[in-house]
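As structure tokens, the structure follows; a few thoughts come after it.
Note that the numbering runs from 1 along the sequence shown for the chain. Quick caveat: nothing in here was measured; it's all calculated off a predicted structure.
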Amino acid sequence: MKKVGSIIIGLILLIGLVGCGQLKKESATEEKETGTTNEENIYLTFKDDTDAEVVLKEEPERIAVLSSDSLAMLYDLGGQAVGRLTSSSQIPEGAKDVPELGTANEINVEELVALKPDLVIGTPTFHAKLAEVLESNGIPLALLKTASFEDVKEKAKLLGKIIGTEEKAEQLLQETESKMDKISAKIPAEDEKTVMILNVTPSSISIQKENTTALEIAELLGLNNIAEELDASPKSPSTAPYSMEKMVEKQPDFIFMTIHGAEGAGLKKIETDLKENPAWASLNAVKNNQAIVLPSQLFLVNPGFHYYESMNTMASIVYPELFKNEN
């Protein structure tokens, strides 16, 4: 009997131990799912376009934006900024009174840090140099580029996650793509029109070879960029040196110009360097009134959710019989 009793007591103790072990396991699982461990006390982690890891411990409430593209997209998604860059590009209505921090390549770092942002959004081209000082002040920096519509789709979803408006991001992307598809469907499949796009600043003119919004829109409309075959500038692979001789030789059907900086200074540059050149009048695009300055807000910076407006604007120039520019 004693032996049987010992066995029963042993079984009871074993069951108790198993039960405790199971309880501990369930508690650990529950702890992980509810995010009570130190590792789970992070709102969002992602990699920016320099492959740097950005860690947000909480949903950011004070975002400083040093890029026109990201600023417009942030406001379209329902977000706000506590500081922004100074820009000649169109600023969202809600951001016009937001404190300015300087131009893209001349940000006032002291004023930026003084705003105490919990996230700064910049670009790899201009703002990588801010990483060290922001890190020393405990301020996360995300360097994002929006050079194409594929970038827009990626960054819209990311910004939606950051500010908690993912559903709105998906909705706006679907609406934008649907409108873009309707425009693309009207383009004649075998109509080979040629284009050359000039980049105009107050001090220089260059020919765009690749990687600009205006060229991407032209490509979406089936235009052939005849500057692709030109030799690139030594310091800028995406451009070719301006040459009136090359323009006369190539005779593009359309010449589009985008102005960087003050519009008045850019228009003066076009007048003195292009229109006053006797060869300008010999260009077919000029004879046919197809040498046109494009609106900066739709072609100089990435148009984000307004890609279809950029497409429609250019399409109404190239195919006036098929499109009406209602923007």
Side-chain angles (χ1 to χ4, degrees), residues 49 65-79 81 84-96 104 121-126 144-160 163 165 168-187 195 197-200 208 210-223 225 238 254 256-261 263 266 292-319 323-327:
D49 286 315
V65 186
L66 312 180
S67 157
S68 297
D69 306 343
S70 295
L71 184 69
M73 198 178 300
L74 179 70
Y75 275 78
D76 282 339
L77 290 172
R84 65 169 175 84
L85 81 165
T86 303
S87 175
S88 58
S89 302
Q90 189 170 7
I91 298 296
E93 190 64 35
K96 289 184 176 178
I121 298 175
T123 68
T125 303
F126 294 113
L144 308 178
K145 67 179 180 66
T146 48
S148 66
F149 187 64
E150 285 303 312
D151 289 335
V152 168
K153 291 192 285 186
E154 179 184 321
K155 300 313 181 301
K157 293 173 184 177
L158 174 59
L159 288 174
I163 65 174
T165 57
K168 187 166 187 178
E170 291 288 353
Q171 176 192 343
L172 289 175
L173 285 174
Q174 288 176 11
E175 291 175 357
T176 301
E177 287 192 89
S178 176
K179 292 175 180 178
M180 290 170 67
D181 289 342
K182 287 180 181 178
I183 293 174
S184 296
K186 290 184 178 182
I187 304 300
V195 66
I197 297 179
L198 305 182
N199 183 46
V200 181
Q208 294 298 308
E210 58 186 15
N211 295 336
T212 69
T213 294
L215 281 176
E216 185 185 17
I217 298 299
E219 182 180 337
L220 289 171
L221 296 176
L223 298 180
N225 171 29
S238 64
F254 296 89
F256 293 133
M257 293 160 277
T258 56
I259 296 176
H260 291 247
E263 184 177 23
I292 297 169
V293 176
L294 298 172
S296 296
Q297 68 271 23
L298 291 175
F299 294 94
L300 184 58
V301 298
N302 189 289
F305 298 117
H306 305 277
Y307 251 81
Y308 66 93
E309 293 180 32
S310 301
M311 287 181 68
N312 191 67
T313 297
M314 190 178 287
S316 68
I317 298 170
V318 179
Y319 301 105
F323 295 89
K324 291 182 179 179
N325 185 3
E326 299 174 352
N327 299 312

*Does the side chain of Leu77 reach to within under 4.5 Å of the side chain of Leu172, using non-hydrogen atoms?*
yes

_Any donor-acceptor pair under 3.5 Å from Asn302 side chain to Asp69 backbone_ = no

*Does a side-chain N-to-carboxylate-O contact under 4.0 Å join Lys186 and Asp181?*
no

*Check the side chains of Ser87 and Ser68 for a donor-acceptor pair under 3.5 angstrom, ignoring hydrogens and angles.*
yes

_When you compare the side chain of Glu154 with that of Leu158, does any pair of heavy atoms fall below 4.5 Å?_
no

*asked:* For a quick test of reading the model, state the closest non-hydrogen atom pair linking Ser70 to Leu159 and the distance between them.
replied: O-CD1, 4.2 Å

*Thr212 (side chain) donor-acceptor with Leu215 (main chain) under 3.5 angstrom*: yes

_Over all atoms of both residues, closest heavy-atom pair of Leu71 and Ala81_ = CD1-CB, 4.1 Å

*Thr213 versus Pro303: any side-chain heavy-atom pair under 4.5 Å?*
yes

*Please report the closest heavy-atom contact between Lys155 and Met73, naming both atoms and the distance.*
C-SD, 3.9 Å

*Is any side-chain heavy atom of Met311 closer than 4.5 Å to a side-chain heavy atom of Leu221?*
yes

*Give the minimum heavy-atom separation between Phe299 and Ser310, together with the two atoms involved.*
CZ-O, 3.2 Å

*Sub-3.5 Å donor-acceptor pair from the side chain of Ser184 to the main-chain atoms of Met180, do we have one?*
yes

*How long is the span from the CD atom in Glu219 to the CD atom in Glu210, to the nearest 0.5 Å?*
11.0 Å

*Please work out which of the three classes, parallel, tilted or perpendicular, describes the rings of Tyr319 and Phe323, given edges at 30° and 60°.*
tilted

*Kindly determine whether Lys157 and Leu173 satisfy side chain to side chain contact (heavy atoms under 4.5 Å, CB included), including the steps that lead there.*
CA-CA 9 Å; Lys157 293 173 184 177; Leu173 285 174; 4.0 Å; yes

*asked:* Would Ile197 and Asn225 count as a side chain to side chain contact (heavy atoms under 4.5 Å, CB included) here? Give the steps.
replied: CA-CA 8 Å; Ile197 297 179; Asn225 171 29; 6.0 Å; no

*Checking side chain to side chain contact (heavy atoms under 4.5 Å, CB included) for the pair Tyr75/Ile91: CA distance, chi angles, key distance, verdict?*
CA-CA 10 Å; Tyr75 275 78; Ile91 298 296; over 6 Å; no

*Pairwise side-chain contact, Met257 with Asn199, heavy-atom cut-off 4.5 Å (strictly under)*: no

*asked:* Could you measure the distance from the CG atom of Leu298 to the CD1 atom of Ile217? Nearest 0.5 Å is fine.
replied: 8.5 Å

*At what distance, to the nearest 0.5 angstrom, does CZ of Phe254 lie from CD1 of Ile317?*
8.0 Å

*Check: Leu300 and Ile259 side chains under 4.5 Å, non-hydrogen atoms*: no

*Would you find a donor on one side and an acceptor on the other, under 3.5 Å apart, between the side chain of Thr176 and the backbone of Phe305?*
yes

_Any donor-acceptor pair under 3.5 Å from Arg84 side chain to Leu66 backbone_ = no

_My understanding is that only residues two or more places apart in sequence, or in another chain, count here; which of them pass salt bridge (Lys or Arg N to Asp or Glu O under 4.0 Å) with Glu177?_
Lys153

*Do the non-hydrogen side-chain atoms of Asp76 and His306 ever get within less than 4.5 Å of each other?*
yes

_Gln171: partners by side chain to side chain donor-acceptor pair (under 3.5 Å), with sequence neighbours left out_ = Glu175

_Close side-chain approach of Leu198 and Gln208, heavy atoms under 4.5 Å_ = no

*asked:* Quick one: does any side-chain atom of Asp151 pair with a main-chain N or O of Ala147 as donor and acceptor, under 3.5 Å?
replied: yes

_ring-ring contact (aromatic ring centres under 6.0 Å, His included) partners for Phe149, two or more places apart_ = Tyr307

_Nearest 0.5 angstrom please: Ile183 CD1 to Met314 CE, how far?_
11.5 Å

